[in-house]
Amino acid sequence: MAVSKSHILVGALAGAGVAVAAMAGAGMRPDGEGHLLKASTSPVFAPAPGAPQTFADIFEKVSPAVVSINVTSKAAPQTLRGIPGFPGFPFNIVPKGQGGGDDGDDGDNGGDARPNHAPKQLSSGSGFFISSDGFIVTNNHVVENAEEIKVVLKDGKELKATVVGRDEGTDLAVIRVEGHDFPYVDFENSARPRVGDWVLAVGNPFSLGNTATAGIVSAYNRDIGENFVDYIQIDAPINRGNSGGPTFDTYGRVIGVNTAIFSPSGGSVGIGFDIPADVASKITKQLMSGEKIKRGYLGATIEALSDELASSWGLTDRKGAVIADLVPGGPAAKAGVQQGDVVVSVNGQKVTSPTEMTREVAKVQSGDTIHLDLFRAGKERTVDVRSGLRPSEAQLALNGGASGEDDSDTGPASAKPAPNSRILGMSLAPIDPASRQQFSIGAAVHGVLVNGVKDSSDAGEKGLHRGDVIVRAGDRDVASAGDVSAAVSDWKKAGRTSIPLAVNRGGRTLFVPIKIEG
């Protein structure tokens with residue numbers, strides 16, 4: 001049973017309110033006795049009632065399509081959705097044998113300490129049917145480590161499910177149960193509620209089962225640290241276990257998939273985030289057809305172009321993304337892209353942030369050409385890159401992981417201390433084998449070692465410390481303190497008040513603008 005606008009009974013708007021609104025648009029307004037008067041100033045708008053008289057009719061129609069998802073896995077327990085700065089809610093996680101209900105095990109209770117035998121975990125999330133033949137949408141983080149998946153329908157019936165496809169980039173997944181004639185709901189792709197319009201979230205919070213919460217759309221295009229989604233922010237309460245559940249408009253159409261919350265405690269504080277319907281619809285259709293989600297790839301680490309960093313390059317009032325580092329032998333490196341390049345557009349689309357740039361690159365197919373418009377040494381140029389295939393998120397995280405660097409400013413000195421040069425409030429020295437070992441500096445990292453930093457200097461205030469490696473200063477690669485000094489001198493002559501330094505720490509590079517002393 002497809003739920004569509006025609007199937008939903010919504011609280012009726014007051015006819016008088018609608019009529020007044022129409023008259024206001026024509027420049028007319030009613031006086032106190034109901035006569036029409038010509039508006040003397042701006043048109044008068046009389047809004048319709050602010051909320052449906054009830055959400056019961058909507059819930060009655062759509063709730064049979066919403067399911068609870070119970071997952072058994074051997075994955076290490078997670079407590080929060082991994083979005084930097086945004087605690088979330090994958091689901092409730094209960095060690096096997098410590099939660100309610102029959103776990104189907106022979107009394108193991110999760111306490112088996114035998115080698116290579118991890119205790120099973122029970123977790124729960126939400127999902128919803130998008131076809132009558134058993135396809136269900138949920139979040140990737142609900143099912144990614146699943147050994148067994150059970151879907152619980154509104155009437156309590158349990159069905160086994162299998163994973164059809166997953167996409168880490170958008171945190172979406174499709175699972176399927178055997179059967180037919182399931183009630184289902186549709187994504188709304190042609191229209192969307194306005195900020196301030198009412199919405200209804202349905203799901204399985206805290207494993208309580210089919211639950212409805214209402215609120216409004218709070219904002220669109222929220223960036224919460226994910227690469228491929230501009231989230232919808234809603235204030236309808238969503239909690240642990242709501243992951244993968246739908247949010248409906250007042251016509252019973254799915255406008256988003258619940259995926260994360262902002263919360264200092266892990267519980268709802270009224271700020272939740274949905275994957276928009278247009279994104280979810282496109283991805284889930286591909287997954288249902290058996291396709292793997294493929295995205296373009298540059299092989300570069302990018303960072304935001306702050307106002308101060310832009311000023312240090314003489315790019316005042318420019319927006320874009322900075323190439324902080326390159327994967328050796330990757331597509332961008334092969335095409336001649338350099339550290340410190342400031343990308344302002346991808347394939348003709350302007351980019352104002354690293355997230356926008358990542359999304360534009362991701363739209364490209366592997367093997368296609370990516371046109372990058374960028375600034376290098378203050379001059380505009382275009383570089384064409386043949387796109388690679390974006391690795392999985394796990395591979396990217398592994399490649400960009402820390403190298404075990406010791407963040408302390410103390411430690412054994414080199415057997416033969418290298419001579420130091422003081423520049424920009426830092427003590428700089430060549431990298432020798434002892435310092436590579438002491439600070440876990442990779443063999444592929446070349447530059448000059450920060451051997452100490454004056455706390456009161458701009459470098460100290462911006463977090464540079466002993467063990468960092470400066471690999472680039474201004475528009476030149478550096479191999480010695482003399483190279484840094486020469487770059488600073490060039491920047492001074494150009495009238496710049498700060499210089500961008502590419503600093504490698506733990507195998508990752510970031511540009512930091514440092515004020516030029518004197």
Side-chain angles (χ1 to χ4, degrees), residues 301 303 308-309 311-315 322-326 328 333 336-342 375-379 403 405-406 409 411-518:
T301 301
E303 66 174 280
E308 188 177 4
L309 195 54
S311 177
S312 71
W313 267 307
L315 300 175
V322 181
I323 303 294
D325 210 350
L326 295 164
V337 176
Q338 297 180 9
Q339 277 184 317
D341 286 346
V342 177
F375 281 90
R376 179 184 300 165
K379 297 180 179 179
S403 61
E405 171 205 7
D406 180 1
D409 284 341
S414 304
K416 295 181 180 179
N420 294 314
S421 299
R422 293 195 172 274
I423 303 169
L424 301 176
M426 297 177 289
S427 176
L428 305 182
I431 304 173
D432 57 20
S435 60
R436 282 194 186 277
Q437 182 176 10
Q438 180 182 351
F439 298 111
S440 300
I441 301 170
V445 177
H446 300 284
V448 60
L449 177 70
V450 177
N451 218 17
V453 182
K454 186 178 179 181
D455 290 340
S456 60
S457 68
D458 192 47
E461 291 180 356
K462 288 179 177 170
L464 271 69
H465 58 66
R466 188 173 182 227
D468 287 343
V469 177
I470 298 173
V471 298
R472 190 176 179 86
D475 57 4
R476 67 169 71 189
D477 294 332
V478 300
S480 67
D483 292 335
V484 178
S485 180
V488 171
S489 179
D490 290 344
W491 243 241
K492 275 186 178 180
K493 291 177 182 177
R496 308 278 175 78
T497 57
S498 61
I499 183 169
L501 301 181
V503 179
N504 186 285
R505 178 185 298 171
R508 303 193 65 160
T509 302
L510 188 73
F511 275 90
V512 183
I514 302 298
K515 292 179 181 177
I516 297 175
E517 298 172 348

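All values below come from the heavy atoms of this structure, side chains included, with hydrogens, waters and symmetry mates left out.
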Tightest non-hydrogen contact, residues Ile431 and Gly447, listed as CD1-O, 3.7 Å
Let me confirm one number: the CD1-OG distance from Ile423 to Ser457, rounded to the nearest 0.5 Å. 12.5 Å
Nearest heavy-atom contact between Glu308 and Ser498 is O-OG, 4.2 Å
Atom of Val337, atom of Arg376 and distance for their closest heavy-atom approach: CA-NH2, 3.9 Å
Criterion side-chain hydrogen bond (donor to acceptor under 3.5 Å, both in side chains) against Asp477, the qualifying member of Gln338, Arg472, His446: Arg472
Show me the pairs that pass ring-ring contact (aromatic ring centres under 6.0 Å, His included) and involve residues 468-509, at least two apart or across chains. none
Val478 and its side-chain contact (heavy atoms from CB on, under 4.5 Å) partner, picked from Leu501, Leu428, Ile470: Ile470
According to the salt bridge (charged side-chain N to carboxylate O under 4.0 Å, His left out) rule, which pairs have a member within residues 446-460, sequence neighbours left out? Asp458-Lys462
For Leu309 and Glu303: C-alpha separation, side-chain torsions, deciding distance, then whether side-chain contact (heavy atoms from CB on, under 4.5 Å) applies. CA-CA 11 Å; Leu309 195 54; Glu303 66 174 280; 3.9 Å; yes
Assess the residue pair Val322 and Trp313 against the criterion (side-chain contact (heavy atoms from CB on, under 4.5 Å)); give the C-alpha distance rounded to whole Å, side-chain angles, the decisive distance to 0.1 Å, and a yes or no. CA-CA 11 Å; Val322 181; Trp313 267 307; 3.7 Å; yes
What one should report as the nearest heavy-atom pair of Ser435 and Leu449 is CB-CD2, 3.7 Å
What pair of heavy atoms forms the shortest contact from Leu424 to Lys515, and how long is it? CD2-O, 3.7 Å
Hey, is CD on Glu461 packed in by over 12 heavy atoms from elsewhere, all under 6.0 Å? yes
Identify the two heavy atoms, one from Phe511 and one from Pro500, that lie closest to each other, and give their separation to 0.1 Å. CD2-CB, 4.1 Å
Cut-off 3.5 Å, side chains only: do Asp325 and Thr509 have a donor facing an acceptor? yes
Using the rule given for side-chain contact (heavy atoms from CB on, under 4.5 Å), can you reason through Val453 versus Asp468, listing the C-alpha separation, both sets of side-chain angles and the distance that settles it, and then say yes or no? CA-CA 10 Å; Val453 182; Asp468 287 343; over 6 Å; no
Between Arg466 and Val450, does a side-chain contact (heavy atoms from CB on, under 4.5 Å) hold up when you go through it step by step? CA-CA 5 Å; Arg466 188 173 182 227; Val450 177; 5.6 Å; no
Checking the side chain of Arg496 only, and the main-chain atoms of Ser312 only, is there a donor and an acceptor separated by less than 3.5 Å? yes
